[in-house]
K.L.:
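I'd like to ask you about the structure that follows.
Reckoned from all heavy atoms, side chains included, excluding hydrogens, waters and symmetry mates. Protein chains get the first letters and strands the later ones, always in sequence-line order, with residue 1 at the start of each.
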Number of protein chains: 2
Amino acid sequence: MNHQAIFKSFSQLTDIPELEWHYLKSKIKWHSVRKGDLLVQAGEVSDRIYFCHSGVFRMFYLKEDGDEFNKSFVQEGQFFTSYSSVISSIPSYFAIQALENAVVASFTYKVLLQLYERHHCWEVVGRKLIEQLYIKKETRERQLLLHSAEERYHLFLEEFPGLEDRITQYHIASYLGISPVSLSRIRGQLSCKSLI
Amino acid sequence: MNHQAIFKSFSQLTDIPELEWHYLKSKIKWHSVRKGDLLVQAGEVSDRIYFCHSGVFRMFYLKEDGDEFNKSFVQEGQFFTSYSSVISSIPSYFAIQALENAVVASFTYKVLLQLYERHHCWEVVGRKLIEQLYIKKETRERQLLLHSAEERYHLFLEEFPGLEDRITQYHIASYLGISPVSLSRIRGQLSCKSLI
DNA sequence: CCTAGAGATTAACCTATGTTAATGATAATG
DNA sequence: CATTATCATTAACATAGGTTAATCTCTAGG
């Protein structure tokens, strides 16, 4: 399997010595995932960090009454994981599901902790990755608090370009925190406006 | 000034050698802040990490139309900062304001970066602090997506015990993402229910 | 003790979004 | 080609929460 995309993502954060990269490479597992498969189930402790090589994933909460809320999407070239489950060994609050057939790479948190002890560069990688996750979360919180459903739809289009054609409106609406019907109304209004 | 509370908070995360702690202590500044004062202004780049010794702070977004949204509160014994502003040197999206007269300690991000280079323990501290912030953000996002205004009010009472008597309903409502009038309605319904 | 001001409550009305259900469009399958 | 399944749209109605404004309560100052 081709490790180059992962190496590129890591080495954008800090310099990784050849020897260190070689070690990590030996610990990476590759998985093929089919559309609909769950990589992480809600309520289950997860211990792996994933890298999306191809495909689209969603991370979603499931309410007791069956309602789902998409918290985020993952596209090619991104790391993803149920971070709080992994670092605290607690059951994941959310599930991760493939919305297309996909290929992912992964390594365990145990390996990451070993890396931290092996070489300083991995501490930098770990810190910067979590910093990026934090900034994403903060952005998301700001969007939910400050913006209307219609504004959030535009922000979604900017943040996940092209994704609106790969996933259904059900999933977009669930990300925006509104019903698919409501999203359809918003889209309807938009296309009217653009006719004027 | 008394550094003990800060030391305790740090050393819960990992062992800090005496020499390292001594160095950090020399870099810490103390500030007295009066009720209403802004520690960080929206649109301004911030470079300090704060520790709340006494008092209550709010972190809030300001919309163009003057609407405010409280994103979080800080009470005694907590670290706080405009993290994305500090690490990326970008203008802070939100402001930090004292809701009571307060005393805080602070050090700069530059000092934190020096610490990272000095000793491995600080990388652990930095990573664990940001991990905690991340988990808080994730919790908040889950609350905003999954719960009704009434449920979020109960979650607020659990998460910030005692705070409901220190701040006005305006600030609580702004945290919940509803109007003060709506919060009053929720509280009204609750006290009716408890009479039955 | 009286008054002014801040905050909380309550009521009346309005709007955005949810829910349900019917209808349309499109693509996959026998 | 006809059929079915899936997704999107639209309409009708219900409800949560927003807005405004009047009223109430409490506290601090004069």
K.L.:
Take atom CG of A:L99 and atom P of D:dC7, then tell me their distance rounded to the nearest Å.
P.N.:
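Interatomic distance, CG of A:L99 to P of D:dC7: 11 Å.
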K.L.:
List the protein contact pattern of nucleotides 17-23 of chain C with one symbol per nucleotide (5' to 3'): B for base contact, S for sugar-phosphate-only contact, - for none; contact means a heavy-atom distance under 4.0 Å.
P.N.:
BBBB---
K.L.:
Ignoring hydrogens and angles, state whether a donor on the side chain of B:S84 or A:E138 is under 3.5 Å from an acceptor on the partner side chain.
P.N.:
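A:E138 and B:S84 do have a side-chain donor-acceptor pair below 3.5 Å.
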K.L.:
What pairs of donor and acceptor atoms, side-chain ones from residues 5-12 of chain A against any protein atom, are under 3.5 angstrom apart with sequence neighbours left out?
P.N.:
from, atom 1, to, atom 2, distance (Å)
A:S9, OG, A:A5, O, 3.3
A:S11, OG, A:F7, O, 2.8
A:S11, OG, A:K8, O, 3.4

K.L.:
Applying salt bridge (Lys or Arg N to Asp or Glu O under 4.0 Å) as the test, list every pair that has at least one member in residues 79-108 of chain B; sequence neighbours left out.
P.N.:
B:E100-B:R166
K.L.:
So, is B:Q169 near the phosphate of C:dA6, with a side-chain N or O under 4.0 Å from OP1 or OP2?
P.N.:
no
K.L.:
Take the protein atom CD1 of B:I172 and the nucleotide atom P of C:dG7, then report the distance between them rounded to whole Å.
P.N.:
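Value for this atom pair: 13 Å.
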K.L.:
Round to the nearest Å and state the distance from B:H147 atom NE2 to D:dA16 atom C1'.
P.N.:
17 Å
K.L.:
In whole angstrom, give the distance that lies between atom CD1 of B:I167 and atom C1' of C:dG7.
P.N.:
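For the pair B:I167 CD1 and C:dG7 C1', the rounded distance is 14 Å.
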K.L.:
If you take the centroid of each ring, where Trp contributes its six-membered ring, are A:Y175 and A:F73 closer together than 6.0 Å?
P.N.:
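Under 6.0 Å, so yes.
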K.L.:
Show every salt bridge (Lys or Arg N to Asp or Glu O under 4.0 Å) that has at least one partner inside residues 12-41 of chain A, sequence neighbours left out.
P.N.:
A:E20-A:R118
K.L.:
Sequence neighbours left out, what passes salt bridge (Lys or Arg N to Asp or Glu O under 4.0 Å) with B:R48? Give chain and number order.
P.N.:
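Per chain and number, B:R48 pairs via salt bridge (Lys or Arg N to Asp or Glu O under 4.0 Å) with no residue.
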K.L.:
Using whole Å, report how far CG of B:L176 lies from P of D:dA16.
P.N.:
17 Å
K.L.:
Check nucleotides 4-6 of chain D against the protein and report each pair of N or O atoms closer than 3.5 Å, with its distance, or say if there are none.
P.N.:
none

K.L.:
B:V181: which other cluster members, linking ILVMFWY side chains closer than 4.5 Å, directly or transitively?
P.N.:
none
K.L.:
Taking only side-chain nitrogens and oxygens of B:R187, does any of them come within less than 4.0 Å of OP1 or OP2 of C:dT9?
P.N.:
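Looking at the OP1 and OP2 atoms of C:dT9, one of them is under 4.0 Å from a side-chain N or O of B:R187.
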K.L.:
Taking atom P of C:dA8 as reference, at what distance in whole Å does atom CG of B:D165 sit?
P.N.:
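Distance check: B:D165 CG to C:dA8 P gives 11 Å.
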K.L.:
So, using side chain to side chain donor-acceptor pair (under 3.5 Å) as the criterion, who are the partners of A:H119 when residues are at least two apart?
P.N.:
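Per chain and number, A:H119 pairs via side chain to side chain donor-acceptor pair (under 3.5 Å) with no residue.
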K.L.:
Tracing side-chain links under 4.5 Å among I, L, V, M, F, W and Y, which residues wind up in one group with B:L62?
P.N.:
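Members besides B:L62: none; it forms no cluster.
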